[in-house]
Protein chains: 2
Amino acid sequence: MKLGTTDKMEAPKVRAPNIRDVARLAGVSYQTVSRVLNNAESIKPSTKRRVLEIIEQIGYRPNQAARALVTSKSRTIGVLTSQTAHYGPTTSLHAIEDAAREAGYLITTTSLSTSDQGSITEGLEHLMAQAIEGLVVIAPQVRVFDAFRQLALTIPVVTLDSTGQGAPRSLSVDQIAGARMATNHLIGLGHKDIVHVAGPRDWIEAEARMRGFLDAISTADLRTHRPILGDWTADFGYHVGTELLDFRDFTAVFAGNDQMALGLLHAFRNAGLDVPGDISVVGFDDVPEARHFFPPLTTVRQDFAELGRRSIALLVGEIEGETDLDHAQILPELIVRDSTARACR
Amino acid sequence: MKLGTTDKMEAPKVRAPNIRDVARLAGVSYQTVSRVLNNAESIKPSTKRRVLEIIEQIGYRPNQAARALVTSKSRTIGVLTSQTAHYGPTTSLHAIEDAAREAGYLITTTSLSTSDQGSITEGLEHLMAQAIEGLVVIAPQVRVFDAFRQLALTIPVVTLDSTGQGAPRSLSVDQIAGARMATNHLIGLGHKDIVHVAGPRDWIEAEARMRGFLDAISTADLRTHRPILGDWTADFGYHVGTELLDFRDFTAVFAGNDQMALGLLHAFRNAGLDVPGDISVVGFDDVPEARHFFPPLTTVRQDFAELGRRSIALLVGEIEGETDLDHAQILPELIVRDSTARACR
DNA sequence: ATCGGCGATGTGTACGTTCACATTTCGCGA
DNA sequence: TCGCGAAATGTGAACGTACACATCGCCGAT
């Protein structure tokens, strides 16, 4: 049963007030009310005041559906996000919401259950149905990104978390540089055998970090260990850490994110090894908990919030017809804590 | 510049096809098309097939704004969430999205920047403007919850993460029971002086967990330590842990969530103390990383996903006029790991 | 005094859909 | 063959808003 409606009684005509009700009570035409609503110029201050008074008084709210129907505008920005509970996307999303609110836009978020074309199309249609004026895609997976290429949208689009290559409008933290920084940090400490536990195959960031890692390794002319493909979870880090110890042909591990690093720390500790004494570990992301790991984790900080803010700045700029927008990549930062040390052998 | 539009050339009238275009091409009236769209009965199969063919062919999509304007229906469920990056709400949200999709509903999420009445009203209006048929409120803060009470909505509402008391439709994991379980676990291990590091004042869960803690303490007739109010972060846990050690008048700590527990572990470790040898620590939530903490954390698991699924089941039930719905609270589960041990003195 | 022009406001219509009701078509028994 | 009811389809509104254009005063310049 719905709250607030009566069941048996005659419906007491509870229709919400519309623009004509306001007009009638204010003694003006509906068009004048419309002008007040869209704060047009050339309206007498006294009239405006009177109309606003009535609006306040009867609690009139413009009907967005009607407005969207006629204008195809909505002051709404859509966010399409692949469904993940990961720290990065979530943080960016929050920053996006704040930035959009500040710019006077509303945000509608829809998340993808899967990353196949159908799911993307469905999510997109839902957003388009709300007459969104711009779209932010937080799509860390390659597939989503590809699927998007095929859609010719008529609104500005900004893509997050890509490598920034080839996409029309994309914004990202420079993952490759970050991975290079992490790897070079280990190399600088004298490590010669470094293992990389990467993220899943189809994640753009996983790919980029792997590339940065391999770059740094081959530049330093070190032995290349084949990266291990993980799933971002601490559980995976733990398992792979345990297996890795069977060989013990490395002195440092660069994990694709902080969670997997945590699992690795756990596995090494369980085996009686000391981090960083025996093995160095570097993570990626700098989640708020990373500094409280044991030992506090050396990692690469990404400014996800800045990423979110910039995406909205870019998008709003495009919507409002600005040019000369800032597409620069954001540089990550290496945070050195206690999980890395000079190689012992 | 918008993608997909040409700048200089005359606009080539790219109006999206509407129901009348379909009707004309199919040689029927627009109403017949409408009937096909809403799969009404009494429509000749051959006609239906023909219409569907045309729809497919010209890529017609019903205009939701127009539909919403006239029906005030949208097969959309709104989610109003207070803006947090916390594990629980995020996990529930994902479950909600999946469950809704399965039930044939779409989800629109709007998050609150602040929890004042104005922000809530604004968020709600945005959702109502999309003609949502039901509303899920993920509002862990007392203020949000209170503000909602004042709004007389005409659609079904389900509130998450409350204590389940007094709200018309609310669903939650029984926080009080969970806190009691955690505290009794410590009491059972012989701890007589237990400190509770709680969440912020206005969080409903924080309050409930505190209540469960105090319940258990007073039932066991132990000395009551005044709970410390925190902010859920690991950083806070670390700082309070450091300060707590100045007195050292306790043998166990029950943290309001796993992050704060992590900070406590860090602080105690830094001070040269052993967990659980010297101090036992219990968390709350069982985030996926908790088992990889050092030591693996004893905590209370909440099934956030189940919570999300149940909320949609409840809401869809109400929307579709079902009765006899399941409002039972979900019971949390104590997960005993290595951060708790028998009290040493 | 007349008229152009501008500020302020009103009128008609379109947006794309669904609802209520009207109309046509069809099959079948009398 | 007719008529009748049900099935199938069509017609005219209405939803609430914004845009294009029309109208009405009024002021100052000619």
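Residue numbers start from 1 in every chain, and the chains themselves are labelled A, B, ... in the order their sequence lines are given, proteins ahead of strands.
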Point to revise | Inter-axis angle, terminal five-pair segments of the helix from dA1(C)-dT30(D) to dA30(C)-dT1(D) [nearest 10°] | key: 60°
Revision key, fill the gap. Assign each of Q64(B) and T47(A) the nucleotide of DNA chain C bearing its closest heavy atom; nearer the 5' end lies the nucleotide of T47(A)
Practice item. Report the distance from atom NZ of K44(A) to atom C1' of dC6(C), rounded to the nearest whole Å. Key: 15 Å
Check your understanding: Looking only at atom types and distance, does a side-chain atom of S34(A) sit under 3.5 Å from a main-chain N or O of Y30(A), one as donor and one as acceptor?
Key -> no
Check your understanding: Whole-Å distance between dT18(C) C1' and R75(B) CZ?
Key -> 17 Å
Review point. R309(B): what forms a side chain to side chain donor-acceptor pair (under 3.5 Å) with it, not counting sequence neighbours?
Key: E306(B)
Revision key, fill the gap. E53(A) meets the salt bridge (Lys or Arg N to Asp or Glu O under 4.0 Å) criterion, sequence neighbours left out, with none
Practice item. Rounded to the nearest angstrom, tell me the gap between atom CZ in R49(A) and atom P in dA8(C). Key: 14 Å
Practice item. Give the rounded distance in Å between these two atoms: CG of N18(A) and P of dT17(D). Key: 6 Å
Practice item. Mark yes or no for whether S92(A), through its side chain, and F304(A), through its backbone, hold a donor-acceptor pair below 3.5 Å. Key: yes
Check your understanding: How close or far is atom C1' of dG16(D) from atom CZ of R24(A), stated in whole angstroms?
Key -> 14 Å
Check your understanding: Hey, is the main chain of A95(A) close enough, under 3.5 Å, to the side chain of D98(A) for a donor-acceptor pair?
Key -> no
Practice item. Please lay out, stage by stage, how E133(A) and T76(A) fare under the test side-chain hydrogen bond (donor to acceptor under 3.5 Å, both in side chains). Key: CA-CA 6 Å; E133(A) 297 183 47; T76(A) 295; over 6 Å; no
Review point. What's the CD1-P distance between I43(B) and dA6(D), to the nearest Å?
Key: 20 Å
Revision key, fill the gap. Taking for S46(A) and for A66(B) the nucleotide of DNA chain C with the nearest heavy atom, the one nearer the 5' end belongs to S46(A)
Study note, to complete from the structure: To the nearest angstrom, the CZ-C1' distance between R67(B) and dC15(C) comes to 16 Å
Practice item. With sequence neighbours excluded, tell me which residues meet side chain to side chain contact (heavy atoms under 4.5 Å, CB included) with L69(A). Key: N63(B), A65(B), A66(B), L69(B)
**Study point:** Distance, rounded to the nearest Å, where D21(B) contributes CG and dT17(C) contributes P
**Key:** 9 Å
**Study point:** Contacting residues from residues 25-38 of chain B, given that a heavy atom lies under 4.0 angstrom of DNA chain C
**Key:** Y30(B), Q31(B), S34(B), N38(B)
Review point. L69(A) near the nucleic acid: base, sugar-phosphate alone, or nothing, with a heavy-atom cut-off under 4.0 Å?
Key: base
Study note, to complete from the structure: Applying salt bridge (Lys or Arg N to Asp or Glu O under 4.0 Å) to R61(B) and not counting sequence neighbours gives E125(A)
Practice item. Look only at the side chain of T32(B) and the backbone of V28(B), and say whether a donor-acceptor pair between them is shorter than 3.5 Å. Key: no
